[in-house]
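Every chain is numbered from 1, with letters handed out A, B, ... down the list of sequences. Scope of the values below: all heavy atoms of this structure, side chains included, with no hydrogens, waters or symmetry mates.
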Amino acid sequence: MQIATWNVNSLAVRLPQLLDWLAERAPDVVALQELKLPDDKFPHEALAQAGYHAAWLGQKTYNGVALLVRAPGTLTDVQRNLPGLADEQARLIAATVRPAGTEAPLRVVGVYVPNGQAPGSDKFAYKMRWLQALRDWLADELARHPRLVLMGDFNITFDDRDVWDPEGLRGAIHCTDEERAHLQALLRLGLHDALRLLDGGAGLYTWWDYRQLAFPKNRGLRIDHILVSEALRPLVRACAIERALRKRPQPSDHAPLVLTLN
DNA sequence: ATGGCCGTTAAAAACGGA
């Protein structure tokens, strides 16, 4: 079973690439971020044609998240945004997913964590508030759903291995101790960083700036993550970054991250 | 060798992204 997350940076622009990739890779479950379109513009018909059921929470211009499940899998009990947080921004979608051919359902949580812009800014404070609300809600969600996957664009690196220039970017947005403490707190809830269960190396990135040849020079950050609960940990087989998607025409600045579970 | 972005918007420069 393959479970993927991808910040598409505009679903309207990236739809052809998404459809190509779904046809090639046939992931069972997909979390999408930065749809940048309102609910009534979500391309559910094209996705159904491609063989995927979808649930989404859109927003005009910014943000927007969705979950896809490959048919004849099912997607039920959809939750949109955090219950404990009054939030105008579309940043979280959760659902109970039963991929085709599996018996036990999974609880899947897709997130687009706020960027934070700069430490000390209002947007940074919002990021911290949002992460605290996520943690509070997730503690209960994990108790209700032991088989849980939390994935998406976290806009936070775990440590220096996730940063192309750790010295130059020390204390910069995505790299502060305050942000990283939130990631560690999520791990203390009983979640595991799927990629790090398999590969301890540096230089594995999911995002590269569009400017200054950052991708060919591999000047990137690992800020997209798939976290799995304790019950799923023994099932983790592989976790791969789909760098090939970053090389196609009109790429997103993020590459998809794909987890293979038994 | 050097510098080079992209997507959005009541629609041109401004904003946000990371």
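- When the C1' atom of B:dA18 is taken as reference, atom CD of A:E179 falls 10 Å away, rounded to whole Å.
- Among the protein residues, A:N63 comes within range of no part of the nucleic acid, since none of its heavy atoms lies under 4.0 Å from any strand.
- What separates CD of A:Q33 from P of B:dG17 is a distance of 14 Å, to the nearest Å.
- By the 6.0 Å and 45° rule, A:R91 stacks over the aromatic ring of A:Y112.
- A:D153 comes within 4.0 angstrom of sugar-phosphate atoms only, judged by non-hydrogen atoms across all strands, and of no base.
- At a threshold of 4.0 angstrom between heavy atoms, the contacts of A:R219 with the nucleic acid are absent.
- Of the candidate nucleotides B:dA10, B:dG17, B:dG16, B:dA10 has the atom nearest to the side chain of A:K60.
- The side chain of A:Y210 has B:dC5 as its nearest neighbour among B:dA18, B:dC5, B:dT9.
- Separating the CG atom of A:N115 from the P atom of B:dA18 is a distance of 5 Å, rounded to the nearest angstrom.
- Checked by distance alone, A:D209 brings no side-chain donor or acceptor within 3.5 Å of a matching partner on the base of B:dA18.
- Nearest nucleotide to the side chain of A:E34, out of B:dG17, B:dT9, B:dG7: B:dG17.
- For A:K36, the side-chain atoms get nearest to B:dG7 when compared with the rest of B:dG17, B:dT9, B:dG7.
- For the pair A:H182/A:L134, no side-chain contact is recorded, criterion being any heavy-atom separation below 4.5 Å from C-beta on.
- When distances are taken from the side chain of A:N155 to each of B:dA18, B:dT8, B:dG7, the shortest belongs to B:dA18.
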